[in-house]
Amino acid sequence: MDLPASLLHPARAPLTPALRALRLCLHLLMAGLLALAALRADSAAGTVLALVTGAVYAAGSYLPSVRESQRAAAVWLGALGVSWLAMLCLTPEALWVAFPLYFLQLHLLPVRWSLPAVTLTAVAAILSYVGHGAALNPGVFIGPLLGAAVAVATVLGYQALYRESERRRRLIEELIATRAELAAAERHAGTLAERERLAREIHDTLAQGLSSIQLLLRAAERALPPGSPAAGHIDRARQAAQDNLAEARRFVRALSPPDLEHGSLAAALERLCEPGVGDYGPAAGPYGPAAGPYGPGAGPRVRFSVSGTPVELPTPYEVALLRIAQSALANTVRHAAASRAEITLSFMDASVTLDVVDDGTGFEPGSVRPSSDGGFGLPAMRSRAESLGGTFTVESAPGQGTAVAVSLPLPAGV
């Protein structure tokens, strides 16, 4: 019974003010009765035994082993009982110590042992009273037995109140948890409402503007003479506007990118490395032709590999890793003048890592600043990684290529 034991041993459970007062009363009661027995003892041996009993009681109240082990508590109660019995043989005043002993036995022993122990203590008190020459009368039996009954009723009633208090505490905790869940649901509903508002705003502004751009590009395409070299550029611009319109709508609705809708992250990254996909393959794809030092339709050879045992990742992880890979390869195409690039997706016990390495011209990472044409690639990649609790590093030097690495901790249960 850990909690009732806290009445004597504060380390077993946090003490409320009521428990602290009860513990103090128990200590004072034991000390007062032992002092009375020592003062009224007929011999020096009785006084010494009263002091020994007090020392045994004080030691048990503060020994860590008694506070932490029921077996040690039982041994301590046995030692206290032996010293009390010895004192009982020398002075009849020791029988009053039986009353606090009842509480100790009920608090520290299981019910199957505490009730017999209380009964034996009451019998010992009665026999001691008779043995010291007291006349037989009902009070000799009623006093110790009534004290034992009061102690049993008090402790059992306290335990019942404690169990009821614990049930109420658990109920309050459940109510608090339910309130937190309701608050989270309200926040989620607010988020959905805000996304719906953004969707309406984008539909009425950005979507209409992109649709107008597509119509104007179609009209320009029809107005071009047959075989015009500008036809391919206009077609790719129209496709880019269409893709970006779909992408903006997916962002607003918190959907995964199109590359992840029909396959895994590894499959999306592998498609990213195929010729003709993205801004970095030898042919034009949904993002338009390769630009930069290669000229239209040229780019580095990109290889993809997987290390470790793939696991299913949460959608935010897949989105972040795919976007970082796209941004890193776009930087390679635009700035690195690389002939080769490699993407490696590594699954480890507690994290997933993405590495994008090229053999390009390299740069000084500390000297990079946002460009006038909106070049915020590295800060955006870092922000994506750190928003999921991950790390983002860039290793590069002029003439030594560039290595971009992002590491995300795997959430529990993955």
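Note: S407 OG to D355 CG = 9.0 Å, rounded to the nearest 0.5 Å. Note: S383 OG to L378 CG = 12.5 Å, rounded to the nearest 0.5 Å. Here F304 contributes atom CZ and T344 contributes atom OG1; the two are 8.0 Å apart, rounded to the nearest 0.5 Å. Note that the CZ atom of R334 and the CG atom of L329 stand 10.5 Å from one another [nearest 0.5 Å]. Here the CD-CG distance, from E386 to L408, works out to 11.0 Å after rounding to the nearest 0.5 Å. Rounded to the nearest 0.5 angstrom, S307 OG and M348 CE are separated by 7.5 Å.
Within the 4.5 Å cutoff, the side chain of M87 has heavy atoms near those of the L34 side chain. Between P310 and S264 there is no side-chain heavy-atom pair separated by less than 4.5 Å. With contacts defined as side-chain heavy-atom distances shorter than 4.5 Å, the pair L182/R179 does not qualify. At a threshold of 4.5 Å between non-hydrogen side-chain atoms, the residues T154 and Y102 do not count as touching.
Taking L29 as the reference, L33, F99, P100 meet the side-chain contact (heavy atoms from CB on, under 4.5 Å) condition, with sequence neighbours excluded. Residues satisfying the side-chain hydrogen bond (donor to acceptor under 3.5 Å, both in side chains) test with N331, not counting sequence neighbours, are none. Remark: L354 engages L269, L321, I324, A325, I343, L345, V356, V406 in a side-chain contact (heavy atoms from CB on, under 4.5 Å) (not counting sequence neighbours). Shown here are the side-chain contact (heavy atoms from CB on, under 4.5 Å) partners of A403, two or more places apart in sequence or in another chain: V357, E395. Under the salt bridge (charged side-chain N to carboxylate O under 4.0 Å, His left out) criterion, E342 pairs with R303, sequence neighbours left out. Residues forming a side-chain hydrogen bond (donor to acceptor under 3.5 Å, both in side chains) with E174 (at least two apart in sequence, or on another chain): none. With sequence neighbours left out, the side-chain hydrogen bond (donor to acceptor under 3.5 Å, both in side chains) criterion links D359 to S339. Qualifying salt bridge (charged side-chain N to carboxylate O under 4.0 Å, His left out) partners for E164, counting only residues two or more places apart in sequence or in other chains: R167, R168. By the side-chain contact (heavy atoms from CB on, under 4.5 Å) test, T393 pairs with A405, sequence neighbours left out. By the side-chain hydrogen bond (donor to acceptor under 3.5 Å, both in side chains) test, T361 pairs with no residue at all, sequence neighbours left out.
Within the structure, side-chain hydrogen bond (donor to acceptor under 3.5 Å, both in side chains) contacts touching residues 216-228 (residues at least two apart or in different chains) do not occur. Applying the salt bridge (charged side-chain N to carboxylate O under 4.0 Å, His left out) definition to pairs two or more places apart or across chains, none involves residues 101-120.
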side-chain contact (heavy atoms from CB on, under 4.5 Å) between L104 and L77, intermediate numbers included: CA-CA 8 Å; L104 293 177; L77 278 178; 3.9 Å; yes
Begin with the C-alpha distance, continue with both residues' side-chain angles, and end with the deciding distance and a verdict on side-chain contact (heavy atoms from CB on, under 4.5 Å) for E270 and V306. CA-CA 10 Å; E270 189 170 8; V306 177; over 6 Å; no
Please assess T309 against F347 for the test side-chain contact (heavy atoms from CB on, under 4.5 Å), listing each intermediate value before the final yes or no. CA-CA 6 Å; T309 303; F347 292 91; 5.7 Å; no
Decide yes or no on side-chain contact (heavy atoms from CB on, under 4.5 Å) for L410 and L313, but give the supporting numbers first. CA-CA 8 Å; L410 290 177; L313 298 174; 3.5 Å; yes
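Taking each heavy atom of W76 and Y57 in turn, the nearest pair found is CZ2-O, 3.5 Å. Residues V97 and M30 come closest through the heavy atom pair CG1-SD, 3.7 Å. Here the closest non-hydrogen pair linking G401 and S396 is O-OG, 2.9 Å. When every heavy atom of V302 is checked against every heavy atom of C273, the shortest pair comes out as CG1-SG, 3.3 Å. P409 and G389 make their closest contact through CD-O, 3.5 Å (heavy atoms, listed as atom of the first residue, atom of the second, distance). The shortest heavy-atom contact between T332 and P300 is CG2-CG, 4.2 Å.
Salt-bridge annotation for R169 and E166: present, with a side-chain N of the basic residue lying under 4.0 Å from a carboxylate O of the acidic one.
Around atom CZ of R71, no more than 12 heavy atoms belonging to other residues, nucleotides or ligands sit under 6.0 Å away.
Between the side chain of S165 and the backbone N or O of L161, no donor-acceptor pair lies under 3.5 Å. A donor-acceptor contact shorter than 3.5 Å links the side chain of R382 to the backbone of F392.
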